[in-house]
Number of protein chains: 4
Amino acid sequence: MARQTGSARSAKSERRKEDILRGAERVFAEKGFLEATISEVARRSGVSEATIYDYFGSKEEILFTIPLETTRRGKEKLEEYLTYIRSASDRLRAIIHNYLDFYEKHPDYAAVALLILKQNPRFLETEAYRIIREWSRTILRVVEEGKASGEFRSQADAYVTRTMVLGAVEHAVIGWLLLGRPSSPSALAETLSAQIIQGLDNPDRQGWRMEISLTADGRTKNYRLTPEEEGEPSDS
Amino acid sequence: MARQTGSARSAKSERRKEDILRGAERVFAEKGFLEATISEVARRSGVSEATIYDYFGSKEEILFTIPLETTRRGKEKLEEYLTYIRSASDRLRAIIHNYLDFYEKHPDYAAVALLILKQNPRFLETEAYRIIREWSRTILRVVEEGKASGEFRSQADAYVTRTMVLGAVEHAVIGWLLLGRPSSPSALAETLSAQIIQGLDNPDRQGWRMEISLTADGRTKNYRLTPEEEGEPSDS
Amino acid sequence: MARQTGSARSAKSERRKEDILRGAERVFAEKGFLEATISEVARRSGVSEATIYDYFGSKEEILFTIPLETTRRGKEKLEEYLTYIRSASDRLRAIIHNYLDFYEKHPDYAAVALLILKQNPRFLETEAYRIIREWSRTILRVVEEGKASGEFRSQADAYVTRTMVLGAVEHAVIGWLLLGRPSSPSALAETLSAQIIQGLDNPDRQGWRMEISLTADGRTKNYRLTPEEEGEPSDS
Amino acid sequence: MARQTGSARSAKSERRKEDILRGAERVFAEKGFLEATISEVARRSGVSEATIYDYFGSKEEILFTIPLETTRRGKEKLEEYLTYIRSASDRLRAIIHNYLDFYEKHPDYAAVALLILKQNPRFLETEAYRIIREWSRTILRVVEEGKASGEFRSQADAYVTRTMVLGAVEHAVIGWLLLGRPSSPSALAETLSAQIIQGLDNPDRQGWRMEISLTADGRTKNYRLTPEEEGEPSDS
DNA sequence: CATGAATGAGGGTTCATTCAT
DNA sequence: AATGAATGAACCCTCATTCAT
C-alpha cells in the first residue's frame, strides 16, 4: 500500500526515496529501462521490492521521477551562472559548457536522459519534461537578445540554434557513453561554442562602417569596411 | 522448415524478407523495440511468426537488418549527389538537405534509427553501423577539403562539425517524430546549413584583398577589404 | 518475487518446496521429463507456475532436486540396517531387499530415477548422483569384506557383483513399472539374493574338511567333504 | 505425401530409407529423442525433411523402426551361435558374450536402445519389441534346459536369471556409454558369466554320489561326496 | 521422387505488481 | 513502515508436420 506517495514526509522517508532513485538511475543506465528489473533496483537500493511500491506507483513513475530534482537544480544552476554574463555569445558559451560538463559529471543520469527518456513519448507529458522545456527556452532567449543587441545577425534563427546546441551536445555525449569517444565531451565545449557563435555572429555589429565603391571594367562593386577580427592595431 | 538465413535465394524469398522488414519497421517505429511483439510483426507482414524465424534468427537480428539496405542506398545516393558539387559549403549544404529529406520521407525508418538503434550498444557492432560510420566520414572529408581550399577557416574542427550536423539534424527529426514540431524538418535545412557554414566560413577566402590602414587618435588600425557577402555589384 | 533458491528458510517455504517436488515427481513419472509441463506441475502442486520459479531455477533443477533428499535418506537407512548384520551374504541380501522394497514403495520416484534421470548425462554432475555413487560403493565394500573373511570366493569380482545387483534390481523395477510384471518386484528379492550370493559363495569356507581319494579305472580322483548345504542333520 | 510407406520398393528407395535410419540413429544417440530434430536427421541423412516424411509417418515411427532389422539379425545371429553349443552354462555364457559384444560394437544403437527405447512405454507395443521379447525367451529356455538336465540346480529361477543377465549387461553398457567405464564392457563378459553360472550351478549334478553319515555327539550328520570343482584328478 | 516453403501449437521463463502480516 | 510471498499475463522461440510444385 502506498501510504504516502504524496509529498511532505519524514526525513527518513525522503532519504529512502532518494536511495531508490539513485539505485534505479544506476540500474536503468546499465541495462536500459525494459531490461532493468524492479528486483535489481530493490537490491541496489537496499530496500525490498514491495517498499519501492510504497514510494512509487510504477516502474515508469520511478523513471520519470529521476530527472525531476536534477533538472530543477540544473535550471537553477544555469540561471545562477548567467546572472553575471551579459554578452549573448558568452551566455551561449556558458550554456554549452554547462550542459556538457553536467553530463560528463553524471554519466548515469546522462544515460537515462539521453538513451531512455528521450525516446519515450510519455515522458513528454511529465513535469520533468516541462522543466527541461523551460530550461531550453533560455537558449531561445539568449539568441533573441543577441539579435536585438546587434551581437547576432538578424537572420540568425533561435530555434535552429537551439537545435544545434542541444543536438550537438547530446550527440557528443551519446558517443561518449556508447563508444567512449570523445574521451571527454566537455573538451569539445570551446570549439563547439566558437563555431556555433561564429555562425550567429553579426559582421555588422560595429557602430561605424566605411563603404567603398570600386569600379572596374565598367562595373561597380560595393565594399564595406570592417575591423580586423581580433588583435591590436599593428604599428605603422 | 525453411532454414536459410543465408543470402542468395529465390525472388519470392527475397520479397518475403522485404515484407517482414517493412512490417517490423512499422511496428518497431510505433511501439519501440521491446514493446513490439513478434506476433504483431507477423500480422503486419502477412506471414506467420514461425516464418519470421525462418528468415531471421531473432527479433534483434530483424532490428539490425532494417537499416542495412537503407544505409547502403543512402550512402550511394549521397555520393551521387556530391559528384557534381565542388564547393565545400555547397557540399555540406547538400549533405544536410539530403539527410533531413531522407528522414522526413521515411518516418518509420527515422524512428527506428533515432529512437531505437541509436541507443543500442550492440548496434555498434553491426554491418549497418559500419556503413553509417563510413557515410559520416564524408562530413569530415568535406570539412577538411574546405579548410584546405581556404573556403573554411583553419580553426574549423571537422569532428565538431560532424557532431553539429548529425546532432542538429537528428535532434530536429526526433522533435518532429515525438512532438510534431517542426512540422517539416527539411524546412530547417536552409537555415541550419547557413548557420553551420557561416560557423566555418573563412573571411579571408578571396583571392585579392585591399588593405587599408586607418589611423586615428595616434593609433593605427588595419583593415582589409572583402566583397559584399552576396549579390551582384550594384550599378553605380 | 520470492527469490531465494538458497537454503535456510521458513517452515512454510520448506513445505511449499516439498509440495512442488512431490507434484513434479508425480507428473514426471507419468509423462516423462520433456512431455511434462511446468503448468501441470503447478496445477498438481497447488501453486502457480511463477511460484515454482521462485523456488527452482529451471525445470531441470526441479528434476535434479527430486532425488536429493530421497537418496540421502536411503543411504542413511541402509547404513542403519547394515549396522547389525555381520555376514557378507546377509548384508548383500539386505541391500537387495532394501533396494527393491524402496522402489516398490515409491513407484513415482522409481520412474523418475530409472526412466528419466538414468539417461540424462547432466545428472551425473549433480550432488544427488554423488550420493548414489557413494551409496553404491557399499556393495563393493561388502563383497570385499566377504572375500577377506573367506565367505566369498577369491575370484569374486566386486564391480561385476555391483553391476549384477544394480542391473538386476533396476531391470526388474523397470519391467514392473512399464509392464506390470513382476507384480511385486520385491518378491524377487529372495531368489535374486540367493542366486547372486551363490555366485559368490566360497565352497571352501568351512573350518574342517575331509578329503577322500577315490581311485577307479586306474585313475585317481580327489574329493573333499562338505556339510550338506542347509538343514538339520537327518535322523539316522 | 507418403506414397509408399508400405514395403516392396525399389532398391534406391530401400537405400534412402536405410540412410535415414542410420542418420536418425546417430542423432538420437547424441541428443536423445526429444532434443533431436528432424531437421538435423535430414541434414545427417543427406535428404530433405519432407523426404523423411515420405518414408516415415512420424518421428516416433523412425525411432521404432531403428531396432527392427537390428534385433531381427541379432536374434538370428544368436540362434546360429547356439546351434553348436550343448551345455546350458556355455549357452548362457555365449548369450552374455554375444550381447555385450553387440552393444560394444554398435554404441549408437546401444544408446538408442538403452537410453531411449527402454523407457518408452509405447515401444512395448511395437514389432521390434516383440522380437526382443522372443529373443530374451532364449535365456528362459536355456535355464530351464539346464535345470532339466541337472546342470543347474532345481531352485534356479529362469526369470530371475534373465533379469540378472539383461540387467547386468545393460547396466554395464549404460555405464560405458555415459561414464566411459568400464572402458570395454565386453571385458566383463567372462567374469559376469562365471558368477551368474555359478549362481545356477548344481552341486549335485554328477551321475554318482557317495553319501556318508557322520555321527558325533549323539547327533548324526549326512554328507555327500562331490568331485573337486575343476582340474584333473591328481596323481596318487 | 524430392523438396522449398510455410505454419500451428505449445512451452519455458520472466517480472511488475499486489497483499497479508 | 516494511516486506516475504505469490501470481497473472505475456513473449520469444522451436519444431513436427503439411503441401504445392
Side-chain angles (χ1 to χ4, degrees), chain A residues 1-4 9-10 12-13 16 34-42 46-62, chain B residues 1-4 9-10 12-13 16 34-42 46-62, chain C residues 1-4 9-10 12-13 16 34-42 46-62, chain D residues 1-4 9-10 12-13 16 34-42 46-62:
Chain A
M1 271 156 286
R3 261 145 289 137
Q4 14 95 299
R9 44 235 276 238
S10 76
K12 193 176 155 205
S13 246
R16 266 270 205 270
L34 275 144
E35 292 190 3
T37 67
I38 290 289
S39 102
E40 183 158 4
V41 172
V47 300
S48 77
E49 291 168 60
T51 298
I52 290 181
Y53 282 87
D54 275 354
Y55 289 89
F56 299 94
S58 72
K59 192 181 169 188
E60 202 173 51
E61 188 180 320
I62 304 176
Chain B
M1 231 180 300
R3 258 151 290 92
Q4 7 93 304
R9 36 234 270 248
S10 74
K12 195 176 157 205
S13 245
R16 266 280 202 258
L34 278 145
E35 292 190 3
T37 67
I38 290 291
S39 93
E40 183 157 5
V41 172
V47 299
S48 76
E49 289 179 48
T51 296
I52 290 182
Y53 282 90
D54 276 353
Y55 288 88
F56 299 94
S58 70
K59 194 181 168 187
E60 203 174 50
E61 189 180 321
I62 305 177
Chain C
M1 234 182 296
R3 261 151 288 92
Q4 6 94 308
R9 38 235 269 247
S10 76
K12 195 176 157 205
S13 246
R16 265 276 203 262
L34 279 146
E35 292 190 2
T37 66
I38 291 289
S39 94
E40 183 158 6
V41 171
V47 300
S48 76
E49 290 178 49
T51 297
I52 290 181
Y53 282 89
D54 275 354
Y55 288 87
F56 299 94
S58 72
K59 195 182 170 188
E60 202 174 51
E61 188 181 320
I62 304 177
Chain D
M1 270 157 285
R3 264 145 286 135
Q4 12 97 302
R9 47 233 277 229
S10 76
K12 193 176 157 208
S13 245
R16 266 268 207 269
L34 277 144
E35 292 190 3
T37 67
I38 291 289
S39 102
E40 182 158 7
V41 172
V47 299
S48 77
E49 290 168 61
T51 298
I52 289 182
Y53 282 88
D54 275 354
Y55 288 90
F56 299 94
S58 72
K59 191 183 171 188
E60 204 173 50
E61 189 181 319
I62 305 176

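Numbered from 1 within each chain, the chains take letters A, B, ... in sequence-line order. Computed from heavy atoms alone, side chains included, the values below leave out hydrogens, waters and symmetry copies.
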Rounded off to whole Å, could you give me the [atom1]-to-[atom2] distance for the [X] and [N] pair?
X: A/E61; N: E/dT17; atom1: CD; atom2: P; result: 10 Å
X: D/K59; N: F/dC15; atom1: NZ; atom2: P; result: 8 Å
X: D/I62; N: F/dA16; atom1: CD1; atom2: P; result: 9 Å
X: A/E40; N: E/dA16; atom1: CD; atom2: P; result: 11 Å
X: C/D54; N: E/dT17; atom1: CG; atom2: P; result: 17 Å
X: A/I38; N: F/dA2; atom1: CD1; atom2: P; result: 17 Å
X: A/I52; N: E/dA16; atom1: CD1; atom2: P; result: 10 Å
X: A/F56; N: F/dA1; atom1: CZ; atom2: C1'; result: 16 Å

Review point. By salt bridge (charged side-chain N to carboxylate O under 4.0 Å, His left out), which residues pair with C/E40, not counting sequence neighbours?
Key: C/K31, C/R44
Practice item. Mind checking salt bridge (charged side-chain N to carboxylate O under 4.0 Å, His left out) for D/E35 and listing every partner two or more places apart, or none if nothing turns up? Key: none
Point to revise | Residue whose nearest DNA chain F nucleotide is more 5′ - A/R16 or B/E60 | key: A/R16
Point to revise | Separation between CD1 of C/I52 and CD of C/E61, rounded to the nearest 0.5 Å | key: 12.0 Å
Check your understanding: If you take all heavy atoms of C/A36 and C/K59, which pair is closest and at what distance?
Key -> O-NZ, 2.8 Å
Exercise for review: Please state whether the phosphate of E/dT14, meaning OP1 or OP2, lies under 4.0 angstrom from any side-chain nitrogen or oxygen of C/Y53.
Suggested key: no
Review point. Looking at A/Y55, does any N or O in its side chain come under 4.0 Å of the phosphate oxygens OP1/OP2 on F/dA1?
Key: no
Exercise for review: Pick base, sugar-phosphate or nothing for D/A36, based on heavy-atom distances below 4.0 Å to the nucleic acid.
Suggested key: sugar-phosphate
Point to revise | Helical stems, DNA chain F - three or more consecutive Watson-Crick or G-U wobble pairs below 3.5 Å | key: E:2-21 with F:2-21
Practice item. Please identify each residue that fulfils side chain to side chain contact (heavy atoms under 4.5 Å, CB included) with B/A50, with sequence neighbours left out. Key: B/S48
Extract from the structure each pairing of a protein N or O with an N or O of nucleotides 8-10 of chain F at less than 3.5 Å, listing the distance.
none

